[in-house]
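Following: one structure in structure tokens, then a few remarks.
Since this is a predicted model, take the numbers as computed values, not measurements. One-based numbering, in listed order, for ligands and for the atoms of each.
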Amino acid sequence: MSIDYPLFVSTWTFGKPANEQSLKVFQGGGSILDAVEQGIHVAEADASNPSVGLGGIPNAEGVVQLDACIMDGEGQRAGSVAAIEGILHPISVARRVMDNTKHVMLAGDGARQFALAQGFASVELLTEERRTEWEQWRVQNHPPDNHDTIALLGLDSTGRLAGGCSTSGWGYKLPGRVGDSPIIGSGLYVDGEIGAAGATGLGENVMRYCASFLVVEYMRQGLHPEEACSATIRRVIAADPRPAEELALNFVALDKQGRYGAAGTGRGFEYAVTYPGYSQVLQSAALSDTDVGPEGGNRR
Ligand code: ASP
């Protein structure tokens with residue numbers, strides 16, 4: 001079946017309803033950037049999703065702090081917010097940073113004050129369910145290991161690319177911790193001439209390698225998006241002393257030709273692909289310690 005446009009690729013099963021909303025927005029006359037932004041709203045507003053927006057897992061002090069960024073392949077524009085509190089749609093605040101300021105990134109209370117000045121409402125993002133879990137966590141103090149991100153990439157029939165990502169980050173993180181998701185080139189990268197890539201997993205292991213930028217650079221060298229994701233992971237596996245399973249690295253990628261793919265450590269992960277007449281959750285390629293390739297300067 002040949003691909004039709006617009007095409008949306010995103011992380012996890014919760015990416016599918018987000019992609020479908022993106023398609024609706026585009027078909028309703030929105031740009032590919034509008035479509036990406038408003039698709040991400042679906043995950044941000046879903047209180048049952050513990051990884052993004054409303055109902056996200058709080059930090060160690062019980063406060064939900066959100067990270068998000070957006071990129072427009074046209075003009076290489078970007079906007080980002082980090083550790084923002086009490087705003088339902090951080091992806092839209094990131095877009096306002098991109099559209100309405102001279103800056104790329106706002107953090108913490110400055111990001112929140114900017115959002116309020118732009119007319120965003122102040123909301124309580126911590127749900128009762130997450131508060132109860134957090135109270136139990138404080139007593140038991142078991143290691144926090146819950147996290148996910150929506151990274152959503154879009155391409156229209158004119159070749160315009162856009163991407164965004166949004167997350168509540170690593171559950172019970174230290175207050176003020178910022179992950180990979182709002183860092184341009186780490187959690188997300190869009191190059192309007194080449195393609196787009198986004199990440200989910202342990203942000204600390206993405207940021208140290210500027211990994212979404214690296215995925216796009218591999219696509220620039222001619223690799224298929226899935227192979228570009230795999231090559232990036234192999235490079236990190238080769239460079240990092242820890243076992244691949246512990247790294248928890250997962251990438252989605254989409255190139256300007258409409259090819260897409262994904263790869264993750266361990267068993268890999270699920271990602272969603274949507275275009276007119278098609279919307280599916282697919283399984284990514286899976287990489288382990290034995291998959292170290294020539295890219296990495298293998299230290300093992
Ligand atoms: N990358 C996100 C972070 O570290 C979490 C995730 O996607 O699993 O904040």
Side-chain angles (χ1 to χ4, degrees), residues 9-16 18 39-40 42-44 46 49-61 63-71 80-85 90-91 94 105 107-108 111 125 130 143-153 163-189 196-215 229 232-233 236 240 242 244-253 262-272 284 286-287:
V9 179
S10 63
T11 51
W12 304 112
T13 53
F14 55 69
K16 185 169 176 275
I40 289 173
V42 173
E44 289 179 334
D46 179 0
N49 182 335
S51 314
V52 184
L54 179 69
I57 301 181
N59 66 19
E61 285 178 359
V63 178
V64 180
Q65 288 188 325
L66 304 175
D67 293 339
C69 77
I70 193 161
M71 277 193 90
S80 160
V81 288
I84 189 172
E85 296 175 14
I91 190 69
M105 187 170 194
L125 297 169
R130 295 284 135 13
D145 61 355
N146 203 322
H147 50 83
D148 280 333
T149 297
I150 181 151
L152 197 158
L153 315 172
C165 62
S166 184
T167 186
S168 50
W170 195 344
Y172 314 130
K173 59 194 174 187
L174 286 178
R177 179 265 188 187
V178 172
D180 59 317
S181 305
I183 313 278
I184 304 301
S186 286
L188 181 79
Y189 197 65
T200 180
L202 279 182
E204 279 69 5
N205 298 334
V206 177
M207 293 153 85
R208 291 181 295 114
Y209 297 94
C210 299
S212 289
F213 178 76
L214 191 55
V215 173
C229 295
T232 299
I233 293 174
V236 178
D240 208 285
R242 285 164 297 173
E245 290 264 354
E246 261 178 48
L247 295 172
L249 287 172
N250 306 281
F251 299 98
V252 286
T265 50
R267 282 191 297 261
F269 75 115
E270 290 174 308
Y271 70 109
S284 79
L287 286 100

query: Can you check whether C69 reaches S181 side chain to side chain, under 4.5 Å on heavy atoms?
result: no

statement: Residue, atom and distance of the protein heavy atom nearest atom 8 (O) of ligand 1 read H147 ND1, 2.5 Å

- request: Can you pull out the closest protein heavy atom to atom 7 (O) of ligand 1? Residue, atom name and distance to 0.1 Å, please.
  value: T149 OG1, 2.5 Å

- prompt: Looking only at non-hydrogen atoms, which of D67, D180, D148 approaches atom 3 (C) of ligand 1 most closely?
  reply: D180

- line: Quick look: K173 vs ligand 1, heavy-atom contacts under 4.0 Å, and the answer is neither

task: Would you mind listing which atoms of ligand 1 come within a distance below 4.0 Å of any non-hydrogen atom of T200?
output: 6 (C), 7 (O), 8 (O)

- prompt: Does a side-chain N-to-carboxylate-O contact under 4.0 Å join E204 and R177?
  reply: yes

Can you find an N or O of [X] that's nearer than 3.5 Å to an N or O of ligand 1?
X: R177; answer: yes
X: G201; answer: yes
X: T167; answer: no
X: G169; answer: no

statement: Hits for ring pair (Phe, Tyr, Trp, His ring centres under 6.0 Å) against Y209, two or more places apart or cross-chain, chain-then-number order -> none

message: Is it the case that atom CZ in R267 sees more than 12 heavy atoms from other parts of the structure closer than 6.0 Å?
response: no

query: Residues in side-chain hydrogen bond (donor to acceptor under 3.5 Å, both in side chains) with N49, at least two apart?
result: none

- prompt: Taking Q65 for the side chain and G176 for the main chain, is one N or O donor matched with an acceptor at less than 3.5 Å?
  reply: yes

field: Non-hydrogen atoms of D67 and G179 that approach each other most closely
entry: OD2-N, 3.0 Å

